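So the structure is just underneath, and the comments pick up after that.
Residues take their numbers from the sequence shown, with the count starting at 1. Atoms within a ligand are numbered from 1 in the order they appear, just like the ligands themselves. In this text, all values refer to a predicted model and were calculated from it rather than measured experimentally.
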Amino acid sequence: MGLDLTRRQFAGGFAITAADMMARPAFARGEAKVVVIGGGAGGATVAGTLKVSNPALDVTLLEPQAKYTSCFFSNAYIGGFYSLADLTHGYSGLAKLGVTVIHDRAEKIDTIKKTVDLQNKKQISYDRLVVSPGIDFKWSAIEGYSQSVAKTMPHAWRGGDQTFALRDRLEKMENGGTVVITVPKLPYRCPPGPYERACVIAHYLKQAKPKSKLVILDAKMTFSKQSAFQEAFEKYYKDIIEVHLSNDIDDFTVARVDPGDGEIRTNAGFNIKAAVANIIPPQTAGAICLQSGLADPEWCPIDPASFASSKAENVFVLGDSAIANEMPKSAFSAHSQGLAVAARIAAELDSRRPDPARYRNTCWSIVAPDDAIKIGADYAAGPLPGGINGLVPSNAFVSKPGESAQERKATYDEAFAWYPTLIGQIFKTETRSKSSKVKAG
Ligand SMILES: Cc1cc2nc3c(=O)[nH]c(=O)nc-3n(C[C@H](O)[C@H](O)[C@H](O)COP(=O)(O)OP(=O)(O)OC[C@H]3O[C@@H](n4cnc5c(N)ncnc54)[C@H](O)[C@@H]3O)c2cc1C
């Protein structure tokens with residue numbers, strides 16, 4: 001009988017002896033070992049939330065970087081609205097809670113033996129494994145592009161050096177240069193990100209290099225918040241931004257780049273020379289997922305009710321690496337999924353039936369000083385049109401063209417309030433609100 005008792009029953013006064021407790025598996029005694037791979041929006045959320053809900057739990061976070069520079073909100077830095085320091089955060093808040101933070105890379109997962117091999121040759125075991133390594137890039141998808149070419153033609157689709165490199169190249173570009181942003185087909189991290197980036201770069205060019213141009217080469221015909229973005233392109237950056245969307249005849253998917261002279265060639269043979277090339281390559285789940293059999297073939301299938309991996313027991317995959325159907329790959333989504341995964345693991349520890357998971361996302365995009373737009377929805381597991389089980393959206397909303405200046409200013413202020421709030425929730429730190437450095441004028 002002891003083995004089936006829940007903690008609630010124990011607290012409620014059932015006669016249970018210490019011997020009964022010891023006879024239960026460690027996981028059921030709340031002594032489980034949870035290992036989290038990736039200290040970003042998803043992973044750090046799970047580690048901190050679990051430790052707050054059960055301080056006795058052994059939680060280890062594996063993250064190679066000592067500091068996390070977020071990719072989310074990095075367009076604010078590229079456009080001059082925020083500093084890079086504003087985007088950079090440490091792990092001391094999580095360590096203070098008792099999370100064991102190991103700055104090392106997970107090299108291999110053995111889902112049968114329940115072990116993770118680290119780069120420094122150590123091996124650690126787990127009862128539950130949480131995997132949130134973000135994205136990796138398909139380096140071979142574009143001829144001439146590689147990790148080393150990305151230093152001169154930055155993707156800036158991961159935070160840190162790449163974000164800095166893109167801003168640096170913009171600052172060094174002559175007035176009159178052409179900036180080219182290339183956008184892959186979906187799925188990729190942050191669907192509205194390239195168009196927000198176009199707006200903030202065009203804002204910078206308008207102020208600092210007004211003879212310059214910005215060209216978007218997009219591998220698709222439609223994109224997130226399209227009508228509100230198109231209105232912003234027309235209203236603020238008419239003489240700067242030029243958009244090429246792929247249709248049946250013109251395929252603007254990038255086929256080849258030449259870092260020597262900045263040439264970019266598309267599948268349909270369109271050719272352009274960029275003074276600054278922002279090449280966003282096609283993406284996959286984090287490499288560790290592909291190497292460890294969690295992906296099928298490039299992203300990780302999960303149970304939408306829990307984000308439990310469909311490929312391995314006792315493993316949860318969340319954030320950008322997971323196949324979350326309608327839910328965009330965003331930090332907001334990853335955090336929301338992280339809260340649900342932590343609640344699920346805590347329920348399993350307590351042998352409790354978990355509450356149904358509810359998820360949420362909102363993505364804000366800055367289009368100009370004091371002007372931002374947003375898109376969002378709530379999500380829950382359920383049947384999608386066509387019958388397959390997925391994440392069903394409800395209460396969806398999206399900014400529309402023609403909204404008043406007050407409404408847009410309110411959305412802008414929400415975005416700048418959201419970032420430090422989320423950072424505080426992810427990294428368990430006191431993060432002071434920081435408003436935009438740029439004022440409308
Ligand atoms: C330009 C841009 C703008 C964006 N703006 C927004 C926005 O405004 N709002 C929003 O919600 N989202 C935004 N995003 C998206 C957001 O950055 C991601 O969706 C989010 O960071 C995903 O969280 P994650 O936990 O999956 O991955 P990440 O936050 O990238 O964290 C993954 C972590 O795992 C670590 N890692 C990787 N491999 C291993 C390994 N083998 N072992 C150990 N650790 C490993 C990495 O070092 C990294 O720290 C933006 C993205 C971009 C590119």
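No donor-acceptor pair closer than 3.5 Å links the side chain of His155 to the backbone N or O of Ile279. With hydrogens and angles ignored, the 3.5 Å screen pairs no side-chain donor or acceptor of Gln337 with any backbone N or O of Phe307.
Of all protein heavy atoms, the one closest to atom 13 (C) of ligand 1 is Phe72 CB, 3.2 Å. For atom 29 (O) of ligand 1, the nearest non-hydrogen atom of the protein is Tyr68 OH, 2.5 Å. Atom 2 (C) of ligand 1 has Cys71 O, 3.5 Å as its closest protein atom, hydrogens excluded (heavy atom only). Nearest to atom 39 (C) of ligand 1 among the protein's heavy atoms is Arg105 NH1, 3.8 Å. Taking atom 51 (C) of ligand 1 as the reference point, the nearest protein heavy-atom neighbour is Cys190 CB, 3.5 Å. Protein heavy atom closest to atom 18 (C) of ligand 1, with residue, atom name and distance, is Asp320 OD2, 3.4 Å. Of the protein's non-hydrogen atoms, Gly134 CA, 3.3 Å is the one closest to atom 27 (O) of ligand 1. Of all protein heavy atoms, the one lying nearest to atom 9 (N) of ligand 1 is Trp418 CH2, 3.3 Å.
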Kindly indicate, with the supporting measurements, whether the criterion side-chain hydrogen bond (donor to acceptor under 3.5 Å, both in side chains) is fulfilled by Ser333 and Asn361. CA-CA 5 Å; Ser333 296; Asn361 178 57; 3.3 Å; yes
Between Tyr145 and Phe137, does a ring pair (Phe, Tyr, Trp, His ring centres under 6.0 Å) hold up when you go through it step by step? CA-CA 11 Å; Tyr145 201 59; Phe137 298 103; 8.3 Å; no
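Figure legend: cation-pi geometry between Lys329 and Trp299, with NZ or CZ positioned under 6.0 Å from the six-membered ring centre and within 45° of its axis.
At least one N or O atom of Ala331 sits closer than 3.5 Å to an N or O atom of ligand 1. For ligand 1, the polar-atom distance check against Glu63 finds a nitrogen or oxygen pair separated by under 3.5 Å. Of the polar atoms of Phe332, at least one N or O is found under 3.5 Å from an N or O of ligand 1, judged by distance alone. Between Cys363 and ligand 1, no N or O atom pair is found at a separation short of 3.5 Å. For Gln65, a nitrogen or oxygen atom sits less than 3.5 Å from a nitrogen or oxygen atom of ligand 1, counting backbone and side chain alike. Residue Asp104 places no N or O, backbone or side chain, under 3.5 Å from any N or O of ligand 1. Looking at ligand 1, you won't find any N or O of Ile37 less than 3.5 Å from one of its N or O atoms.
Closest heavy-atom contact between Leu391 and Asn325: N-ND2, 3.9 Å. Between Ser83 and Tyr77, the shortest heavy-atom distance links the atoms C-CD1, 3.8 Å. Shortest non-hydrogen contact noted between Cys289 and Ala285 is CB-CB, 4.1 Å.
Taking each of Arg189, Glu196, Gln162, Lys329 in turn, the one with a heavy atom nearest to atom 28 (P) of ligand 1 proves to be Arg189. Heavy-atom proximity to atom 31 (O) of ligand 1, evaluated over Gly42, Ala76, Gly40, is greatest for Gly40. Distances from atom 37 (C) of ligand 1 to the heavy atoms of Pro133, Ala285, Gly38, Ala44 put Pro133 nearest.
The aromatic ring centres of Phe73 and Phe416 sit less than 6.0 Å apart. With ring centers used as reference points, Phe233 lies 6.0 Å or more from Tyr195.
Heavy-atom distances between Gly193 and ligand 1 stay at or above 4.0 Å for every pair. Residue contact annotation: Ser132 has a non-hydrogen atom under 4.0 Å from ligand 1. Heavy-atom separations between Pro64 and ligand 1 include at least one value shorter than 4.0 Å. The closest approach between a heavy atom of Tyr419 and any atom of ligand 1 is not below 4.0 Å.
The part of Ala334 lying near ligand 1 is the side chain, judged by heavy-atom distances below 4.0 Å. At a heavy-atom cutoff of 4.0 Å, ligand 1 is contacted by the side chain of Asn75 but not by its backbone. Of the heavy atoms in Ser74, only side-chain atoms (C-beta onward) come closer than 4.0 Å to ligand 1.
Proximity to Ser330 (heavy-atom distance under 4.0 Å) selects the following atoms of ligand 1: 10 (C), 11 (O), 12 (N), 15 (C), 18 (C), 19 (O). Near Arg197, with a cut-off below 4.0 Å to any heavy atom, the atoms of ligand 1 are 1 (C). Applying the 4.0 Å criterion to heavy atoms of Gly319 picks out, from ligand 1, the atoms 26 (O).
If you check the side chains of Ser336 and Tyr379, you find no donor sitting under 3.5 Å from an acceptor. Side chains of Asp371 and Tyr236: a donor-acceptor N/O pair is present below 3.5 angstrom, by distance only.
Salt bridge absent: Lys225 and Glu403 never bring a charged side-chain N and a carboxylate O closer than 4.0 Å.
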